[in-house]
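Here's the structure we're looking at; comments come further down.
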Amino acid sequence: MIIDENDPRRSEASTDGAPGSVERIPLCGDRVLELAMLPLSAADQADTGAVGGGSLSSRAERWIAEGAVDRTHTLVLPLFGTLTVWSPTRAFVAGPDERLEQLRASVVEFTSLFAELDDIERRLAAALPHVDDDAALAADFTTAALSRRGELSARFREAVSLRRRLALLTPPLHVPAPQPPTLAGQLGERLRERTRIVERAGFAVEQAELLERVYAVCADRTSEHAIARRQAALEWTIIVLLAAEVVLLVVDALANRTT
Amino acid sequence: MISLSDQAPRSLDSIAVVGGGPGGLLTAFLLQRQARRPLRITIFEAGCRLGGKILTPSFAAAPVRYEAGAAEFYDYTPVGVDPLRELVEDLGLPIVPLHGASVVVGPHTLSNIDDIDARLGPAARRDLEAFHRDARLLMNPREFYVSDEPGTAPGDGFNVLLDRLSTPSVRRYVETLVHSDLATEPERTSVSYGLQNYLMNDPAYLRLYAIAGGNEQLVTALVARLDVEVLRSRPVRQVRGLPDGRFRLTSGSSADRRDDDFDAVVLALPLAHLSNVGFSPGRLAGAMREHVRQHDHPAHYLRVTALFDRPFWRDRLEGSFAMLDAFEGCCLYDESSRDPAARHGVLGWLLAGAAAERLADLDDDALAATVLGSLPRSLEPGTAKLLETRVHRWVGAVNALPGGWRPHTLDRRHQPEPIEHPNLFVVGDYLFDSTLNGVLDSAAHVADWLAMLTA
């Protein structure tokens, strides 16, 4: 989640069609945010109406649509004389020169949180379909399922990993914006509200909890089954040894009787 | 809650609730819900509509709603349990969060600390940050949560705290920010109440919301769940305590005056209206006079709402509301922001305090012209598409909490004469902090009390 300013993947991107200078910012995994920024002139600042409703917004939306993976996420946020057009992979920020760096930080921080949650949600979506089948093993683990021990163990580790990532993700989502409000804080709040990221994180936590509960029980059942199998083997070993001892005693007794 | 009356306790079966505003409706609703046996509850309403200060009418020029009374609800969930929010959820009413950050001071629109730095200078920024830090130290979220229960206020007014601001423009900013919530002037407000109204702009302390479809949905939902007798257009003229501990209420106009006897009475009237009711015998009349005198710190609102063909301000004013420094500080609501499907634009000015009292004497047209003139110059061209204006006067409708005012205990506030008339109660927002949350607290206190007495 933490953006590494020295990441070698960080670079200036091609500005073809972009409404401003473009920077490529690495996010979690192999995800990258292309962020275009445009300083606004004093005239633009005085006439904020041109920022929200004019051609700048249309240009930014076009550029984002060209590179966006999922267009349904594109948000247009005119805010107190600034304009932010945001999607998970491309974003555009226009504002007074002296505030651009704050706005950039706010967009990058939010996008990194969003990317992290998005990745978690995809992993949860991949894991959840197995739960119904695997939950049966949580109730009744059979010898036939022993071959799936590795698979269940991997799913348990995945569930714990997702819970860990969510535990790291949710505190920054709930940190209140600074007061008195800053422009960057207000932009961050708007992005959080419009994407409903806090609610989405809540649902993800519930899903990860379900996974963790099911696979924790599966892990218990697997190890209990393994222990029970070892105990059974041990018992049979003892029985065989005792039987051998009895046989030897009988043979010994018969031998003594003959002599 | 101990009755000092020497009369034998009698069963309470019939209860009169005088006033069909939020206090009366909430008391009847909570009492009906909490009583362990059916009670005969009668609501007397002087007018023809229920709901009092919760009023969501529509314009004549277009079927567009607006809030003419209580504009918003306070959401205390960031700091604790919020009974009003829970009630709204229990009633199944969807809500709309409200946001507003802009304060227009002179030629500047200040929406955040960066604006203050850029427009008023770094010294102003430091001044406001220090004031905010001090405010948070003086009242933490927990103290804020219980601050609707007025304690013994020190003698200073809120203006003494404002004196800490050395930058005049920042002082103007803070005064503008809080004035429409105070509904009076800083010097007529206690430090605690002033802080409460300043810190409510911090989302860590409070959030604001409205009910989707209009705040009057709350009234409709309450009335739909009431199984009580509602007598509309029946103002109560006289409340007489009878020797057996009951009360005789005289109601109606001179043509259709009638008397009804009740075991208990709840007066859920605005403070100013209590003076219109006669009380007897003398002991009760004296107690009611003292009750009115104790709480008589009138504060004022004036609402002017304008319908336009479109929301022409959206590119320049963000959020559900903004504060203007006109009229010593007024709140400008973008009423149409509450309805995503709205095509028309509705702006609502909430004037408060001395300005509201002063301007209330103007006729509606003059008032409309006055408030339209208060818009920032950049918005003036849009006002040409004005379709209709409405004015609602709420002079003396709420109460101030001045510094040095010492409220009675909670029980004493709700039971003006506990010796010989222990079954006469009062309910009102003025007994707390003149908010809907306060009136619910008041109604819940009396409903609990009555439910216990009727058990």
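Bear in mind the structure is a predicted one, so any value in this text is a computation, not a measurement. Protein chains get the first letters and strands the later ones, always in sequence-line order, with residue 1 at the start of each.
Listed in order of number, the residues of residues 176-183 of chain A that approach chain B to under 4.5 Å between heavy atoms are A/Gln179, A/Pro180, A/Pro181, A/Thr182, A/Leu183. Within residues 104-115 of chain B, the residues approaching chain A closer than 4.5 Å by heavy atoms are, in numerical order, B/Ser111, B/Asn112, B/Ile113, B/Asp114, B/Asp115.
Residues A/Glu193 and B/His99 are in side-chain contact: their nearest non-hydrogen atoms beyond the backbone lie under 4.5 Å apart.
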